[in-house]
There are 2 protein chains.
Amino acid sequence: MSETATGGESLLFLTDEQLRKGIEAMFFAYRGFTADPDRILSELDYGRAHHRAMHFINRRPGLTVNALLSLLGVTKQSLNRVLRTLIADGLVESRVGSHDRRERHLRLTQQGAELEQRLSLAQRARMRAAYRAAGPEAVAGFRQVLEAMMDEEIKDQYLMLRDGQP
Amino acid sequence: MSETATGGESLLFLTDEQLRKGIEAMFFAYRGFTADPDRILSELDYGRAHHRAMHFINRRPGLTVNALLSLLGVTKQSLNRVLRTLIADGLVESRVGSHDRRERHLRLTQQGAELEQRLSLAQRARMRAAYRAAGPEAVAGFRQVLEAMMDEEIKDQYLMLRDGQP
DNA sequence: TTGGAAAGTCAACAAGGCTGACATAAACTG
DNA sequence: CAGTTTATGTCAGCCTTGTTGACTTTCCAA
């Protein structure tokens with residue numbers, strides 16, 4: 001099989017060498033991705049898990065515990081521990097569902113929204129700098145590759161979140 | 001300031017909305033990125049930390065503990081725990097440096113190289129599928145954005161690894 | 001009215017981060 | 001040569017965040 005061209009299109013970007021660079025880029029970039037919020041969180045005695053929970057609660061106010069569980073991909077026991085501290089600290093509010101009273105609907109309190117904003121601002125600042133440095137075409141490619149890398153079920157959730165009422 | 005054009009170029013890709021999508025894409029994609037090796041590792045009673053160590057030892061055979069430490073961004077105590085099990089299990093070999101005998105130089109054993117290959121193969125398979133689905137232009141953008149997202153010192157290490165003798 | 005879903009809780013455990021303290025050997029420096 | 005610095009390893013203890021398993025309470029829906 002020719003290595004330089006197949007069907008008229010170069011496949012050099014699929015070499016193990018290229019893949020390896022992508023893998024290492026993902027690894028190192030993810031460190032940067034979480035670094036800024038992590039710094040803020042550690043001052044407040046919270047962790048990444050708290051940030052993630054608050055992010056999605058902010059994105060979908062009133063979502064149920066089950067829905068959050070499925071977005072985060074962790075067990076309810078693990079989430080519950082985080083959620084309990086957030087509720088105890090007055091950052092998250094848990095309301096019994098009106099339609100189905102077994103469900104708990106979660107939303108950020110004023111105070112929770114403020115912290116979420118602070119974390120989100122820091123994370124967006126880095127992302128914005130990266131986007132600006134790379135340019136719009138690169139950003140489109142960035143998102144395409146990431147989306148293609150997701151597990152199917154997770155991608156469905158991502159798309160729903162991405163395209164639901166923004 | 002105009003929102004639609006600045007210097008003749010649209011900046012719509014820098015809206016908070018776009019940044020948010022990128023942030024969520026990073027989060028969900030990273031799950032996919034680690035999912036396949038994680039499955040293999042959990043069967044063998046190893047974790048992600050073992051994989052990361054083996055990856056870089058494979059990439060730079062003979063690298064010192066300090067160099068590995070700095071690539072991974074963890075403490076020596078944390079790394080040592082992982083390294084000790086890898087050495088005990090015969091996956092990694094530690095040799096006293098010939099020039100500076102304080103240093104330990106790390107390399108994969110035959111057996112270690114086999115496991116590394118297995119993990120790497122799984123991870124590359126997903127990456128390859130994502131690359132193929134997105135196409136070469138997208139892949140270039142993907143890497144550009146990731147590189148722009150890294151911390152400076154980490155980026156230097158990444159570039160050295162990326163461009164050092166391949 | 002009963003089955004099962006949603007949620008919460010308790011207990012126990014593991015991985016993998018962290019800090020601090022200390023030991024050793026080797027290399028470097030004055 | 002004496003003293004300091006560097007590279008590494010190790011012990012002890014702590015934290016976060018993940019896991020499983022067992023069990024309860026609530027309460028909707030068939």
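Every chain is numbered from 1 and lettered A, B, ... according to where its sequence line falls, protein lines coming before strand lines. Note: hydrogens, waters and symmetry copies are ignored here, and every other heavy atom, side chains too, is used.
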Problem set entry | ILVMFWY network linking B:Leu159 to B:Leu146, side-chain heavy atoms under 4.5 angstrom | yes
For this session: Classify the nucleic acid contact of B:His99 as base, sugar-phosphate or nothing, counting any heavy atom under 4.0 Å across all strands shown.
Result: sugar-phosphate
Problem set entry | Derivation and outcome, side-chain contact (heavy atoms from CB on, under 4.5 Å), residues A:Val65 and A:Leu68 | CA-CA 5 Å; A:Val65 171; A:Leu68 181 54; 5.7 Å; no
Would you tabulate the nitrogen or oxygen pairs shorter than 3.5 Å linking the protein to nucleotides 19-22 of chain D?
residue : atom : partner : partner atom : Å
D:dT19  : OP2  : A:Thr75 : N            : 2.7
D:dT19  : OP2  : A:Thr75 : OG1          : 2.9
D:dG21  : O6   : A:Gln77 : NE2          : 2.9

Mind listing the side-chain donor-acceptor pairs of residues 84-92 of chain B below 3.5 Å, one per line with the distance, residues two or more places apart or on another chain?
residue : atom : partner : partner atom : Å
B:Thr85 : OG1  : B:His50 : NE2          : 3.2
B:Thr85 : OG1  : B:Val82 : O            : 2.9
B:Asp89 : OD2  : B:Tyr46 : OH           : 2.4

Exercise. For D:dC27, does either OP1 or OP2 sit under 4.0 Å from a side-chain N or O belonging to A:Arg101?
Worked result: yes
Problem set entry | Interatomic distance, B:Arg95 CZ vs D:dT8 P [rounded to whole Å] | 16 Å
Exercise. What do you reckon, are the aromatic ring centroids of B:Tyr30 and A:Phe27 less than 6.0 Å apart?
Worked result: no
Seminar exercise, completed: First and last nt of DNA chain C near chain B, cut-off under 4.0 Å to heavy atoms, 5' to 3', are C:dG16 to C:dA27
Problem set entry | Under-4.0 Å salt bridge between B:Glu93 and B:Arg95 | yes
Problem set entry | Side-chain ion pair, A:Arg126 and B:Asp151, N-O less than 4.0 Å | yes
Exercise. Passes side-chain contact (heavy atoms from CB on, under 4.5 Å), B:Lys155 versus A:Phe28? Steps please.
Worked result: CA-CA 8 Å; B:Lys155 183 164 181 185; A:Phe28 290 121; over 6 Å; no
Seminar exercise, completed: Residues at least two apart in sequence or cross-chain that pass salt bridge (Lys or Arg N to Asp or Glu O under 4.0 Å) with B:Glu147, listed by chain then number, are B:Arg143, B:Arg162
Exercise. Does any donor-acceptor pair link the side chain of B:Arg102 with the base of D:dT8 at a separation under 3.5 Å?
Worked result: no
Exercise. Does any donor atom in the side chain of A:Glu24 or B:His55 lie under 3.5 Å from an acceptor atom in the other side chain?
Worked result: yes
Exercise. Pairs in or reaching into residues 46-58 of chain B: which pass salt bridge (Lys or Arg N to Asp or Glu O under 4.0 Å), with residues at least two apart or in two chains?
Worked result: B:Asp38-B:Arg48
Problem set entry | Close residues, residues 25-53 of chain B, relative to DNA chain D [heavy-atom separation under 4.0 Å] | none
